[in-house]
Every structure is written in structure tokens, then in C-alpha cells.
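Since the structure comes first, as C-alpha cells, the remarks are kept for the end.
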Amino acid sequence: MEHKRAEEHHYLRTQKKFPTVWCPGCGIGIVLGGIIRAVADLRLDKDKVAMVSGIGCTGRMPVYVDFYGMHTTHGRALAYATGLKLARPELTVLVVMGDGDALAIGGNHFIHAARRNLDLTAIVVNNCVYGMTGGQYSPATPTSAIATTAPYGHIEQPFDIANLAVAAGASLVARTTVYHALEMERLIGRAIQKKGFSVVEILSNCHIHYGKMNRMSTAVEMLRWFRDKTVPIASLQKEQGAGKIGRGMLVDRELPEYYEAYQKLVQVAQKGA
Amino acid sequence: MPDNQKPRLMQGNEAVAEGALAAGIGFYAGYPISPANEISSILSARLPRKGGIFLQMEDEIASIAAVIGASLGGARAATATSGPGFSLMQENIGYAVAAEIPCVVINVQRAGPSTGQPTSPSQGDVMQSRWGTHGDHPIIVLCPSSVIECYLITLRAFNLAEKYRIPVIILMDEVVGHLRERVELPPPEEVVARPKPTVPPEWYFPYDEAAGLVPPLVSFGEGYRYHVTGLYHDIAGFPTQREDEIEPWFERLFEKIEANREDIIQVDEEAMEDAEVALVAYGAPVRSARHALRLAREEGKAVGLIKLLTLWPFPEARIAKLGHQVKKIIVPEMNRGQMVLEVQRVVAGRRPVIGVNRVGGQMVSPYQILELLEA
Ligand SMILES: Cc1ncc(C[n+]2csc(CCOP(=O)(O)OP(=O)(O)O)c2C)c(N)n1
Ligand code: SF4
Ligand SMILES: [Mg+2]
């Protein structure tokens, strides 16, 4: 464990960057830890990793990691990452987004990135709310939940982010929570290794906004909610699965990866020239 | 003589694509829209042949975002669009300005606002090209009025973008985009490569004014791990709220363009030596102005032409001189009068500055201009 901690520090930007901008106990820090440990397990070269993010509390993550960091505009991280990855296919490109970032303003880019299947790793920190702007409802806010802009209870239905990614054509899709830190680390590792577009949806606590408005005002209460509300996908049918959210790997499949397909297109074009 | 340098009949949009290829474009992303479509179709065929990337994205926001991402990865990158798409790109153009990432954005203007007249000419986006993205910012906007200029300006746009780490907008209009002329395309005189830092990675700061007005930008993937953001940032590219860190950066952002006006600004003159009336034009109206000039000169009237190839930064010095040089200044535009406001500002009441305008998808006619000579 000691040894591993040293490796983690190797990937962090320690100079003047900590403490983070996040509220104490925020789940985003746990996700950052999971990403770092997954990268450390794979022994990735720092010079070969880029982290691209959008805007939001989640979007602040690239500041803390010693990779190439691109903090882009709200919702557009995947589009920026698409350009970067195609210009630098040798880089491992990690894209971290909040639920609003990825699914509201960036929803179009999200489904198209999945369909295109370029080798990017998308990590969606789903705290069911717009954290940074003060707890407004997001496309992942559960029906009936209270949000800053849903004081009478939310009347819309949330996206099932992971299943949306499956339907849109991603190569690998997984879901987990910040309570299940080891599972999270393992799934992120598999997503990074996967050739093709991969998505890991991570339920995360914004106890400051979502929690407070929904009778879980501490991080611990929200972590308990993740523990009790989710079950491994395999036991979804078996258990009193009603109303529970499945955790684990949803799909891990072989689909044509975009850059590989593009290389073939280049060969065809050059032959014709 | 290489194939592409033989004289041939070519469209403005085609010449832009040729210019981009000659400038070494490595990445293009776009979304279909008239009257810019030819640029993407040509590049979709030609870019893969040289191993470059052509990509049709899900919309114009994604297109410009991918272009900026690719540029940060080291590719010379561009996108092309028209009014509605140009509007969608604005936020991310601002990102490229703030993060100082080179890129080229081509806007073949259509008549607007809104969907407007998709295949009719207009110059309604002049002020948008200057101020389209929010916040104070510098920008470079170039404007061709002939097919050969489409080629040359595109070459220039890629160079200026790299040299000054800024998005360069090529503001075309439908007339110039679809115009066919016989051209010979010269090879590029220079292709400005991204300057490389001479310091080791731990000493590299992508926004350090100590490294000059335009600190070198190292592409991602080359061992210099830094952070890029659209937030106000320090010399290392990390978000900051400290005024003492923000101020020098913001100052430099403008100064890198202000201090290099001479290099950036291109203005051509025709028959100005003895001119009493100056026609100040850009884009397709240059052609109407030139026609009017010829007819007027036949009648012995001393008319000259100032052609703006750079719109922004505005060629203030040259235009200000007109206030002492001629008796009257006429500004023909395919809009309700946008650049005429700049000319008036700079001439500052010393001489009458009159706009000639035409909207509704029609060219300004030379006769509209001639009428004003009498007035
Ligand atoms: C174009 C645009 N619209 C709105 C905003 C304001 N804004 C900043 S963060 C945010 C939402 C963040 O929510 P989410 O993506 O879920 O991230 P979180 O903060 O919860 O991690 C919004 C709407 C913005 N920055 N840009
Ligand atoms: S507002 Fe919510 S999501 Fe943002 S840092 Fe605080 S707890 Fe985390
Ligand atoms: Mg959120």
C-alpha cells in the first residue's frame, strides 16, 4: 500500500495545487483517486496521457494530475478530445465530465462520440445535479428529487447514462459508485485499456447541494445511499432488484475503432491517388 | 511545374482548400452548410491522401472544438462554415483566443440573420467576426476578393495563426466563394512552423510574458506537460484569480497583436496617387468598386481604391491618412453599413464618409457607387 501511494503521488501535480477546489468529502476526489490508481496500475507514462475536461466541479480535475491537461468549454470536452486524439493517436486520452456537462449541453457530443467509437475513455461523474452552479436539476436528476430549480420536486425522467452509451455504440460501458472505490479503480483500468470508446459512469456525492436538498446532507449518508441503492448487474434480476441500479460492466465488445478505420481509409485514398 | 501550379480555372472555395493544403493542413473538421460546402468536399478527398485527418462532426460547435484539440496536438487545423455555423462556433473561438491556440476558421458569409439566404452573398458578419465571442479580445480577420486571394490569404491565415497563437478568421462571401477565375497557385513563400521552446520541460511556461509577446506553444505529446484552460490563468496555464497574474497576461494578449499591426495588416491600393475620392472596399464589393473606378476614370474623375485584405485589426493608420488625402470616401458593402462605421471613426469627421449598401442577396452595383461620385 505504501509503495502504491508513492506511485500515485508520481501522477499528481503537487506544487501549490492542493487543497482542491472541491468541498470536503466531495465524491470527485474519490474519482480522481480511482483514476490515478488505475493509471498507476497500468504504469502509464505521464508523457503519454492527456486529461480533457469540460466545465463544472468535475471539470477542474486536470489541474491536479501531472498529465497534459485541457480544461475546455462546458459540454465540449469530447469534441476537443476527438481532435487531440486524432492528432496524437499515441496519447491515452481521458475525458472527465459531470452529468450536466456530458449529458445536457454535451449530450449530442456524447452520443456521437460513442457512435464514432474513437479510442477515448470517458468518465462521467454523475452527482445527479449541477454542482458548480449551485444544485440545479440535471439530465440525471431522479424524478421527484428536489433541486435548486425543482423546489416542488423534479417532474422529468433522468437519463440512464450507461445504457444510453450502450445504445449509442460505445465499445465498453460500465457503471459504479464512489462507495465502491476498488470496483471503480478496476473498471477505469479496463476502460483505459479498451480499444474504442469507453464510458464509466460513476455515481458520486454532491452532499452540499443534492444531498442537502434530499435528506442526505453528509457525504457518509450519500455513500450509504450508493451502497444500498445499487447491486451488481448480475444480481439485478435475482435480488429484490426493483428500483435498484446495476453496477459493473454493461458491455465490453469488439467494434471497429475509428482511428483504425481511418487508417484503412487513408490506404484506400492513397492507392487511388 | 507541379500539377497544382499549372494555370487553371478554379472557384474561390476550391482555392481556399488548395491554400490550406499548401499551408500543410493536417486536420479539418466541419459540418455541411452552404455556401462553404466545396471546402469540405475537396478536403475529404485530398486530406486522407496525404495522411491528414478529415472529419465531419455532429455540429459546428464540435467542429471548432475538435479543431482546437487537434491544434493543441500539433496539427495545423481549420474548419469552414457560414453564418448559422459561425454563430455556433463563437464560444469556442473565444476559448482559442484565451488559451492562445492557433486555428483557422473560414466563414463564407450568407445573407442573415438566422437561416437568411443560404446561397446569396452578404457581408453581414463583419462585426460578428470582430466581436462574436464574449469578452474583450483581440482577433485577426482576413478577407479575399478574388480567387487567387482566397489561396494566398489562406496560406497567410495559417501562418499568422501559428505566429501569434490566435484564431484567424477568413471572412469570405458567397460571390468570392463561388467565383471562378483562372489562377496559377504559387508555392508558399514560407510556412511558419510552431516555434519550439529552448528550455527543459520544468522551466517551460506556455503563457510566460518573459518568453516574449508570443511565448512558444509546445504541442501536447511532446513531453511538456502543462495545463490549458479558458479560465483566466497564470503563466503555467493554471486557473488564477490574482490580479497581478491576470493583468500581464491580458495585456500581452492584446499587445501581441497591437505591436505587430504592420505584419498583420495588408491593404492594397489602386490609382490612389492623385485620387480625390477613395473607395474603401473588401470582399466582393472590391470588384464593383474597381468597375466603378474604371468607368469614372474614363470620364476623367480622380477615383482610387483602397482594398482591405485585413479587416481586423482594422487598418487604422492607412484609413486615417485618407482624412487628409482625399475629398470624399465611399465604402461599398453588402450589408446595412458595418465597416463604414470604422472608417468614419478613424476619419473622425475630417472628410465625408458615405456608405453604399445593398442587401437582399445582391452585389453592390458599380452604378450605385458612380451615383455617389456626383453627390
Ligand atoms: C455555455 C455554458 N453554460 C453554462 C455554464 C455554467 N455552468 C458551469 S458548470 C455548469 C454545470 C455543471 O454541472 P455538471 O456538468 O453536472 O458538473 P458538476 O459541477 O456537477 O461536477 C454550468 C451550467 C457555462 N460555464 N457555460
Ligand atoms: S458543489 Fe458538490 S460537486 Fe461541487 S465540489 Fe461541492 S460537493 Fe462536490
Ligand atoms: Mg453534476
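So that the names make sense, note that chain A is the first sequence line, chain B the second, and so on, each numbered from 1. Worth knowing before you read on, the calculation uses all heavy atoms, side chains too, and leaves out hydrogens, waters and symmetry mates.
With a 6.0 Å radius and a threshold of 12 heavy atoms from other residues, nucleotides or ligands, A:Q263 has its CD atom above the threshold. In this structure, B:W203 places its CH2 atom where only 12 or fewer heavy-atom neighbours from other residues, nucleotides or ligands lie under 6.0 Å away. Within 6.0 Å of atom OH in B:Y164, more than 12 heavy atoms from other residues, nucleotides or ligands are found, so the atom counts as buried in its surroundings. No more than 12 heavy-atom neighbours from other residues, nucleotides or ligands sit within 6.0 angstrom of CD on B:Q241. Counting heavy-atom neighbours within 6.0 Å of B:E243 CD, excluding the residue itself, gives a total of 12 or less.
Residue A:K85: no heavy atom, backbone or side chain, is found under 4.5 Å from chain B. For B:P239, the part sitting under 4.5 Å from any heavy atom of chain A is the side chain, from C-beta outward, and nothing else. Interface residue A:L86: backbone and side-chain heavy atoms are both found under 4.5 Å from chain B. When heavy atoms are compared at a cutoff of 4.5 Å, A:Y262 approaches chain B solely by way of its side chain, counted from C-beta outward. If you measure heavy-atom distances from A:R115 to chain B, you find no contacts under 4.5 Å at all. Heavy atoms closer than 4.5 Å to chain A are found in both the backbone and the side chain of B:F220.
Among B:G74, B:A62, B:A66, the residue making the largest number of heavy-atom pairs under 4.5 Å with chain A is B:A66. Taking chain B as the reference chain and counting heavy-atom pairs below 4.5 Å, the highest number among A:V63, A:V266, A:L91 is found for A:V63. Of all the listed residues (A:P62, A:G106, A:A81), the one sharing the greatest number of non-hydrogen pairs under 4.5 Å with chain B is A:P62. The greatest number of non-hydrogen atom pairs below 4.5 Å with chain B, out of A:H109, A:H112, A:H74, is found for A:H109. Per-residue heavy-atom pair counts under 4.5 Å with chain A were compared for B:V228, B:D59, B:L72, and the maximum is reached by B:V228. Each of B:L55, B:L47, B:I64, B:V67 has some count of heavy-atom pairs under 4.5 Å with chain A, and the biggest count is that of B:L55. Contacts with chain B were tallied for A:N108, A:T82, A:L78; A:N108 has the most, counting heavy-atom pairs under 4.5 Å. Of the residues considered (A:A113, A:G69, A:S53), A:G69 shows the highest number of contacts with chain B, using heavy-atom pairs under 4.5 Å.
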Working for side-chain contact (heavy atoms from CB on, under 4.5 Å), residues A:R116 and B:M57: CA-CA 10 Å; A:R116 199 175 287 120; B:M57 293 297 283; 3.7 Å; yes
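Between A:R60 and B:L231 the shortest side-chain heavy-atom distance falls below 4.5 Å. With contacts defined as side-chain heavy-atom distances shorter than 4.5 Å, the pair B:I68/A:M70 does not qualify. Within the 4.5 Å cutoff, the side chain of A:I111 has no heavy atoms near those of the B:E58 side chain. Contact of the A:Q267 side chain with the B:P48 side chain is not registered, since no non-hydrogen atoms from C-beta on lie closer than 4.5 Å. Residues A:Y68 and B:H227 fail the side-chain proximity criterion, which asks for heavy atoms closer than 4.5 Å. Counting heavy atoms from C-beta on, the side chains of B:F54 and A:L265 never come closer than 4.5 Å.
No side-chain donor-acceptor contact under 3.5 Å links B:R225 to the backbone of A:F67.
Under the 6.0 Å cut-off for aromatic ring centres, B:Y95 and A:Y80 qualify, their centroids lying closer than that.
The two residues B:G51 and A:Q270 make their nearest non-hydrogen contact at N-NE2, 3.7 Å. When all heavy atoms of A:A269 and B:R49 are compared, the closest pair comes out as O-CG, 3.5 Å. For the pair B:G73 and A:L84, the tightest heavy-atom approach, listed with the atom from each and the gap, is CA-CD1, 3.7 Å.
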